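Numbering of ligands and ligand atoms starts at 1, following listing order. Note that the structure is a prediction, hence the values are computed from the model and not measured.
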Amino acid sequence: MLSTRSLFEEIRANDEAFRLLAGTASQNELQGGWENERIAALTSDPTLAAKILRHGDDENKHGRLFAAFLRRRGLVAADIPEHANYCMLLERRGIGLSHARLREERPLSTDEIILYLAHSRVTEQRAAEQVAQMLDCFRDDPELKRGLAMVADDEVNHLSYCHEELLRFRELGHGVLIERTLKRYAMAEIQATRDVSLAFVETIAGILHWPAWKRRLLSLGAQAIYFYERWIGWRRMVRLAPPERPNALGPVQAAG
Ligand SMILES: [Fe+2]
Ligand SMILES: [Fe+2]
C-alpha cells in the first residue's frame, strides 16, 4: 500500500535516498540558523535580538542533528538540486529578507523585522508539520524518534514565538502590513513547496527506480496538496492566535 509511512520507510532503507532527505533537512536548518544569526545581529531591540539568536541556535542544532543521523550511517549530505532548494526558491519569490540585505551592516527597520517575522510564521508552520509527520513515520526507530521529538518540540516553540511577536506588532499598529505580507508569503510558500515536492519526487523516483505509475501518482498528490492549500489550506498559515507557549524563546523566568 502506498502511504506516507511506507514512502518514508523506503527512503530510510536506501542510503542514497536517505542522504537526500536528511541532507536537505540539515542544509535547510543550517541556512535558517545563519539567517537568524544575521537578523539578530541587525536587530536594535536587545530583547527581540536575544530571542532571534536563540531561534538561530535551535536551527543550527537541528542542522547538526540531521547531519549526525547521516554520520552514524557513514554517509555525508547530498547536495540539494537547485530546483529543489526550498530556501533559494523562497528568496527568489521575494519572501523575507534577501541574503544581500542580511550581509549589510545597517540595522533592520521595523517593517523589515515584520517581514522577517511573517516569513518565519509561514515557514515555521511548514517545518512544524513536516517534522511532526517524520516523527510519526519513524516512531519505531528509537534514535530517529528521540532526535525528531526534540526538533518537533522546538518547532512548536518557534511557531508560538512567531504568533506572539506578530500579535505584539499588530497591537503597535502594524496590522495592515502584517496581514498583507502573511497572505503574500503564504501563497508564495505554497508554490515553493509544490516545486520542491515535485523535484523531490523526480529525484527519489530515479534513485529508487520507481515505476512510472508511482512517480505519476506522487506528482499528482503534490499537485493536489498545492490546489488544496491554494484554496483553503493557506488560511492556517496566516492565522494569528495567542501563543500555545507564551515567551517560548524568552529568558527563563525566575521562580517566586
Ligand atoms: Fe528547525
Ligand atoms: Fe524552526
Legend entry - Test: Arg121 cationic atom under 6.0 Å from Tyr185 six-membered ring centre, within 45° of axis: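 Not flagged: Arg121 not positioned over aromatic ring of Tyr185.
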Legend entry - Under 2.8 Å: N/O/S of Glu59 next to the Fe ion (ligand 1): yes
Inset, instruction - Report yes or no: do Val122 and Leu115 belong to one cluster of Ile/Leu/Val/Met/Phe/Trp/Tyr joined by side chain heavy-atom distances under 4.5 Å? - result: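 Result: yes, single cluster for both.
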Legend entry - Residue of the set Glu105, Glu112, Glu104 for which salt bridge (Lys or Arg N to Asp or Glu O under 4.0 Å) holds with Arg38: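 When salt bridge (Lys or Arg N to Asp or Glu O under 4.0 Å) is applied between Arg38 and each of Glu105, Glu112, Glu104, only Glu105 qualifies.
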Inset, instruction - Fit a plane to each ring of His55 and His158, take the angle between them on a 0 to 90° scale, and name the class: parallel (under 30°), tilted (30 to 60°) or perpendicular (over 60°). - result: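 Because their plane-to-plane angle lies in the 30° to 60° range, the rings of His55 and His158 count as tilted.
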Inset, instruction - Could you grab the angle centred on the Fe ion (ligand 2), going from ND1 in His158 to OE1 in Glu155, to 10°? - result: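 Taking the Fe ion (ligand 2) as the apex, I get 90° for this pair.
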Let me have the donor-acceptor pairs involving side chains of residues 169-183, under 3.5 Å, with sequence neighbours excluded, atom names and distances please.
from	atom 1	to	atom 2	distance (Å)
Thr181	OG1	Leu177	O	2.6

Inset, instruction - Please name the atom of Glu124, restricted to N, O or S, that is closest to the Fe ion (ligand 2). - result: OE1
Legend entry - Metal site the Fe ion (ligand 2): N/O/S of Glu29 inside 2.8 Å: no
Legend entry - Name of the His62 atom (N/O/S only) found closest to the Fe ion (ligand 1):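 The closest N, O or S atom of His62 to the Fe ion (ligand 1) is ND1.
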